[in-house]
Each structure stands twice: as C-alpha cells, then as structure tokens.
Amino acid sequence: VKPRALAPSLLLLGLISLATGGPLTDRDPNEEHRARRLALAVGMVEGTLVLTGAPAGDYRDRIPEPNLFYLTGLTDADTTLVLTVSKPPADESGRSKPPTLLERLYLPPASPRRERWEGPFLHPGPAAAKATGIDDTRPKGVLIEDLLKLPEGSRLYLLDPRNPPRALAPLLRHRPDLDLLPARSLLAPLRSVKSEGEVARIRKACELTAEGLRACYAQCRPGMFEYELQALLEFHCRRGGAPRQAFASIVASGLNGTVLHYQANRRRIEDGDLVLMDVGAEHLGYAADVTRTFPANGRFTDEQARIYDVVLAAQKAAIDRVKPGVTLRTIHLAADAVIEEAGLSSGRMHATSHHVGLEAHDPSRGGPLAKGMVITVEPGLYFPEQGLGIRIEDTVVVTEEGCDVLSAGVPKTRAEIEALMAVGNAARAPGK
Ligand SMILES: [Mn+2]
C-alpha cells in the first residue's frame with residue numbers, strides 16, 4: 001500500500017514549532033522537544049519507534065544517546081521513549097482523519113533506596129509527566145509486555161535495526177513479523193538543521209573554546225607539557241559554562257601534530273615546535289569543534305609560515321563557498337584547489353567538513369547545505385618528515401547568504417597570533 005500523506009495539521013505544527021528557537025535555558029522547553037517528536041512522526045508515516053538511552057557505542061558520547069536527548073531533553077541511560085504513529089481508518093464519507101501520535105516514557109520504578117545512593121531520578125508518575133511533557137509514563141518492566149501487543153506486521157523503528165538494543169531481545173525473538181526500519185535516517189535530517197536555540201548553544205560553546213585558546217596563545221612557552229595547555233584550555237571552558245569537553249582534547253606539538261587522533265597530550269613542548277590544538281567545549285549538550293596551530297615560542301619559522309599561509313588561504317577559500325545549496329564536496333574542493341596550486345597536495349589527509357551539533361561529528365542527511373546547518377571548515381597539511389602538522393578549523397553556521405563563523409573569536413592570521421603571543425611573552429620577561 002502506498003503510504004498516504006500525513007494530515008497538514010500535524011505537518012504544519014511540526015514545522016512551525018521547529019522554526020522557532022527556544023530561549024537559552026538549562027534545557028530546551030518541552031514544546032521544542034514535542035515539535036521534534038511531531039516532525040519525526042511525519043517522517044515515520046506509521047509505526048512505532050523505540051529509543052533507549054543505552055550508550056550509543058561511541059566512547060566520546062557523554063550524553064548516553066544524543067537522539068533521546070534531542071527528542072526529550074533526557075540524559076538518563078535508563079529511559080526508553082516509545083512513539084506510535086497510527087492512521088485511523090477513513091470515516092463513512094471516505095475522508096481520512098489525521099494520524100495520531102501516542103507518546104510513552106518507560107522509566108525505572110521509584111526507589112527511595114536507590115535515590116538515597118544516587119540522588120533523585122525520574123520515575124513513572126505525575127512529576128515525570130510534568131517535567132517532560134509526556135503524560136504517559138510507565139515502569140520499564142512493562143515495556144516488552146506493551147510492545148508484544150503491537151499489531152501483526154507493524155513497522156518498528158529502531159536507531160539501527162542491525163544492532164538492536166539488548167533490552168528488546170525478548171520482543172524480537174517472539175515477533176519475527178515486525179518490520180524493522182532504521183530511525184537514524186529519519187532523525188539525521190531533523191538534527192542537521194538547527195533551531196535558533198541550538199545555534200545559540202553552539203555559539204556559546206565556540207566562545208568558551210575561543211577564550212581558552214586565546215589563553216593558550218598568551219601562556220604557551222617551550223618547556224611546558226602538552227597537558228598543561230589542555231588544562232588551561234579546559235579551565236576556561238569550565239569557568240564559562242562547559243561542564244565537560246565535547247570530545248577528548250588534542251594538544252599535539254611537533255611530530256604529534258601529524259598524528260590525526262593524537263590524544264596522549266604528554267609530550268614536553270620544544271622550542272621551534274608548532275602546537276596544534278583541536279578542542280571544543282560542550283555547552284548545554286552542544287559541541288564546538290575548533291583547531292588552531294601556533295608556534296610554541298611565539299614566532300613562526302619561514303618554512304612553518306609558508307605552509308601555514310597556504311592552509312589559511314585554503315580555509316578562507318572554503319569558508320567563502322559556504323552557503324545554502326552547496327555540498328561539503330564543493331567546499332572541500334575549494335580548499336583543495338588552493339593546496340594543489342601551492343604544490344602541497346602530498347600533505348593532505350582528511351576531508352574538510354563535517355556537521356556539528358549534539359555531537360562533534362553530528363549526523364546529516366547528506367546533499368546540499370541549508371540555512372541553519374552547522375559545519376566545520378578544517379583544511380590541514382601534514383608532513384611527518386619535517387615534524388610539521390598544521391590544521392585550522394572553525395565551526396560555522398549556514399545563513400541565508402553565506403555563513404557566520406561561530407569561532408571567529410580566536411585569531412588565526414600569523415600576525416595576530418604572533419602579536420598575542422608576544423604580549424604573553426613580554427608579561428613573563430625577566431624584571432616584570
Ligand atoms: Mn573537526
């Protein structure tokens with residue numbers, strides 16, 4: 001059967017609510033979460049989604065399941081959201097009725113003993129309903145029992161049907177008739193377009209990261225350990241409102257800068273090294289992703305300067321291309337053209353852009369960019385023989401006409417970097 005279009009009322013409600021960003025509060029308002037669930041329901045057409053808070057598998061995800069957070073604002077691993085979209089049969093006149101969305105939260109049962117040890121948590125009842133805006137809250141023990149009642153052949157949306165949550169094993173064993181479908185591909189397009197509230201959070205995460213990086217410019221000197229810069233950066237992020245980093249900080253000096261996923265951060269920084277810092281605060285669930293590369297002693301050598309300027313020019317060319325309708329590939333090619341022109345193609349290692357949001361590597365729907373999408377622009381060149389790795393990365397939001405660089409608060413021209421580092425060095429000079 002060809003699925004019919006959902007009623008415009010549901011569609012419009014979802015889209016209108018998505019377009020209005022929430023204020024910058026501790027947690028997005030329940031209406032914003034509700035609007036996201038309605039938009040997801042439109043994509044589901046019909047069927048049941050089961051989304052558990054169990055870890056998503058990526059060790060860098062500190063929010064157990066970003067999709068659950070996106071839809072409910074909840075971060076507890078012991079939470080399951082069930083959404084059922086159903087189409088009532090047409091009435092006698094043949095008119096179809098709008099589809100209905102049934103929302104349920106399955107929570108661990110109340111336990112004064114557990115609360116005594118672990119602090120308060122959401123359990124089924126009016127308080128949980130009020131906090132989340134989802135009226136039907138049930139003990140997690142009845143989840144399987146409830147799902148076993150799904151009609152024969154129902155569509156069951158799971159994040160990744162090839163890798164179902166372990167808790168659903170009894171259901172899947174008893175109900176081979178269920179039609180398993182991937183929810184990830186429905187959530188990615190929704191998550192990739194950010195509301196104003198989401199952009200504000202990413203912007204703040206970028207500002208905190210910028211503050212930390214400026215402090216590192218001012219205080220870096222040969223002889224420091226990489227982890228000292230990490231501590232300095234993360235201190236500034238924490239102090240401004242980031243309870244944690246969005247991903248493990250990379251502070252890579254000298255040869256380490258050519259190792260893309262270097263995270264040990266234990267080397268003593270030497271005179272003449274470049275220091276590459278790929279870092280990002282997390283603010284209210286949202287990530288920044290910013291990289292700067294600077295000379296440990298405050299002055300670029302001629303060779304470092306030559307390559308740095310090529311990476312910076314490549315980044316500028318790429319940022320200039322960002323606007324609605326353009327693909328990440330086009331942006332990558334713009335950066336690549338500058339690198340190729342300079343004859344440095346042998347130093348390339350990675351793509352130029354990825355989406356940023358609740359995760360530092362956020363899902364996307366693919367295809368051309370749209371207003372409200374947030375991506376990185378991060379060309380890099382790596383020459384291990386010379387112990388030289390340079391990457392410059394900003395997080396940008398796609399606007400009507402182009403883009404807005406959210407991490408513009410960290411200077412990146414050589415002149416600006418050397419000037420900021422000279423101030424730091426002067427402050428430490430003997431006799432001061
Ligand atoms: Mn990145």
Side-chain angles (χ1 to χ4, degrees), residues 57-58 60-61 66 184-185 188-189 191-194 202 205-206 209 246-250 252 256-263 276-280 286-293 307-370 372-384 388-398 402-407 410 412:
D58 184 342
R60 283 174 295 191
D61 286 343
R184 230 178 252 292
S185 48
R191 278 178 58 185
S192 67
V193 179
K194 273 69 180 173
I202 299 169
C206 287
T209 308
F247 55 94
S249 299
I250 295 173
N256 292 340
T258 68
V259 180
L260 286 192
H261 290 166
Y262 177 75
Q263 293 179 347
L276 182 157
M277 294 184 69
D278 186 344
V279 291
Y286 286 81
D289 192 359
V290 185
T291 306
R292 289 293 184 268
T293 308
I307 297 174
Y308 187 90
D309 286 350
V310 172
V311 177
L312 188 59
Q315 202 218 17
K316 185 177 185 312
I319 289 176
D320 286 347
R321 295 303 293 271
V322 179
K323 65 173 183 184
V326 167
T327 63
L328 296 191
R329 178 162 170 76
T330 305
I331 294 162
H332 178 68
L333 289 177
D336 233 25
V338 174
I339 288 168
E340 225 169 285
E341 172 80 28
L344 294 173
S345 299
S346 65
R348 291 172 308 183
M349 279 182 76
H350 54 77
T352 305
S353 298
H354 58 80
H355 287 249
V356 179
L358 286 172
E359 296 167 86
H361 284 235
D362 222 36
S364 81
R365 66 180 178 200
L369 291 173
M373 290 184 173
V374 178
I375 61 166
T376 63
V377 182
E378 50 172 317
L381 285 173
Y382 309 90
F383 299 100
L388 198 149
I390 295 172
R391 178 162 68 253
I392 306 171
E393 173 179 36
D394 283 296
T395 300
V396 310
V397 57
V398 181
C403 72
D404 185 5
V405 180
L406 300 176
S407 47
V410 217
K412 57 188 175 185

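Please read all numbers here as calculations on a predicted model, not as lab measurements. The first residue in the sequence is number 1, and the count goes up from there.
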Chemist: Hey, are the side chains of V398 and P324 touching, using non-hydrogen atoms and a 4.5 Å cut-off?
Modeler: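 They are in side-chain contact.
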Chemist: Between T395 (side chain only) and D289 (backbone N and O only), is there a donor and an acceptor less than 3.5 Å apart?
Modeler: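 Flag set: sc T395 to bb D289 pair under 3.5 Å.
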Chemist: Looking at A205 and A287, what are the two nearest heavy atoms and their distance?
Modeler: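 Between these two residues, the closest heavy atoms are CB-C, 4.0 Å.
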Chemist: With a 4.5 Å heavy-atom cut-off, do T258 and F383 have their side chains touching?
Modeler: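 Answer no - side chains too far apart.
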Chemist: Can you name the closest pair of heavy atoms from V338 and A317 and give their distance?
Modeler: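 The answer is CG2-CB, 3.7 Å.
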Chemist: If you apply the rule side chain to side chain contact (heavy atoms under 4.5 Å, CB included), what do you find for E341 with V310, and how did you get there?
Modeler: CA-CA 9 Å; E341 172 80 28; V310 172; over 6 Å; no
Chemist: Is the ring centre of H361 less than 6.0 Å from the ring centre of F247?
Modeler: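 So the answer is no for these two rings.
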Chemist: Restricting to non-hydrogen atoms, name the atom on A246 and the atom on A288 that form the minimum distance, rounded to 0.1 Å.
Modeler: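 The pair with the smallest heavy-atom distance is CB-O, 4.2 Å.
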Chemist: Any carboxylate oxygen within less than 4.0 angstrom of a Lys/Arg side-chain nitrogen, looking at D394 and K412?
Modeler: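 Looking at D394 and K412, the cut-off is met.
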Chemist: Okay, side chain of H354, backbone of A360: is any donor-acceptor separation there less than 3.5 Å?
Modeler: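 It does hold such a pair.
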Chemist: Could you tell me the separation between the OG1 atom of T293 and the CE atom of M277, rounded to the nearest 0.5 Å?
Modeler: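 Nearest 0.5 Å value for the OG1-CE distance: 10.5 Å.
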Chemist: Measure the spacing between CE of M373 and CD1 of I375 and express it to the nearest 0.5 Å.
Modeler: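 Rounded to the nearest 0.5 Å, the CE-CD1 separation comes out at 9.5 Å.
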Chemist: Do I202 and L406 have side chains that get closer than 4.5 Å, going by heavy atoms?
Modeler: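 Yes; the side chains approach each other to less than 4.5 Å.
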Chemist: May I ask you to say whether R191 pairs ionically with E359, meaning some side-chain N is under 4.0 Å from a carboxylate O?
Modeler: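 The answer is yes: the pair qualifies as a salt bridge.
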Chemist: Looking only at non-hydrogen atoms, find the nearest pair between G257 and L276 and report the distance.
Modeler: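 Smallest interatomic distance, heavy atoms only, reads O-CD1, 3.7 Å.
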Chemist: Between H350 and E378, is a side chain to side chain donor-acceptor pair (under 3.5 Å) present by the stated rule, with each step listed?
Modeler: CA-CA 9 Å; H350 54 77; E378 50 172 317; 4.9 Å; no
Chemist: Using the rule given for side chain to side chain contact (heavy atoms under 4.5 Å, CB included), can you reason through I250 versus T291, listing the C-alpha separation, both sets of side-chain angles and the distance that settles it, and then say yes or no?
Modeler: CA-CA 9 Å; I250 295 173; T291 306; over 6 Å; no
Chemist: Atom OG1 of T352 and atom CZ of R391: how far apart are they, to the nearest 0.5 Å?
Modeler: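 Result: 11.5 Å between the selected atoms.
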Chemist: Once rounded to the nearest 0.5 Å, what's the spacing between atom CG of D278 and atom CD of Q263?
Modeler: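 The CD atom of Q263 is 9.5 Å from CG of D278, to the nearest 0.5 Å.
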Chemist: Do V322 and V377 have side chains that approach each other closer than 4.5 Å (heavy atoms only, starting at C-beta)?
Modeler: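 In contact.
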Chemist: Side-chain contact, heavy-atom cut-off 4.5 Å: L260 with Y382?
Modeler: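 Yes, their side chains come closer than 4.5 Å.
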Chemist: So, the side chain of R292 versus the backbone of V410: is there a donor-acceptor pair under 3.5 Å, distance only?
Modeler: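 At least one qualifying donor-acceptor pair exists.
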Chemist: For a quick test of reading the model, state the closest non-hydrogen atom pair linking V311 to P379 and the distance between them.
Modeler: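 So the two residues come closest at CG1-O, 3.5 Å.
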Chemist: Could you give the distance from CG (L328) to OG (S364), rounded to the nearest 0.5 Å?
Modeler: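 The CG atom of L328 sits 6.5 Å away from the OG atom of S364.
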Chemist: Taking the side chain as C-beta and beyond, is there a heavy-atom pair between T209 and S407 under 4.5 Å?
Modeler: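 No, every pair of side-chain atoms sits at 4.5 Å or beyond.
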Chemist: Taking all non-hydrogen atoms of both residues, which atom of P66 and which atom of L358 are closest, and how far apart?
Modeler: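 Taking P66 first and L358 second, the nearest heavy atoms are O-CD1, 3.4 Å.
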Chemist: D336 and R348: side chain to side chain contact (heavy atoms under 4.5 Å, CB included), yes or no, with the steps?
Modeler: CA-CA 9 Å; D336 233 25; R348 291 172 308 183; 2.6 Å; yes
Chemist: Walk me through whether L369 and H355 qualify under side chain to side chain contact (heavy atoms under 4.5 Å, CB included).
Modeler: CA-CA 10 Å; L369 291 173; H355 287 249; 4.2 Å; yes
Chemist: Using only atom types and a distance under 3.5 Å, with no angle test, would you say the side chain of K194 pairs donor to acceptor with the backbone of V356?
Modeler: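 Yes, because the side chain of K194 sits within donor-acceptor range (under 3.5 Å) of the backbone of V356.
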Chemist: So, taking the atom named CG in D362 and the one named OH in Y286, what distance separates them when rounded to the nearest 0.5 Å?
Modeler: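 Spacing of CG (D362) from OH (Y286) equals 8.0 Å.
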Chemist: Please check if the side chain of S353 supplies one atom and the backbone of T376 the other of a donor-acceptor pair under 3.5 Å.
Modeler: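 At least one qualifying donor-acceptor pair exists.
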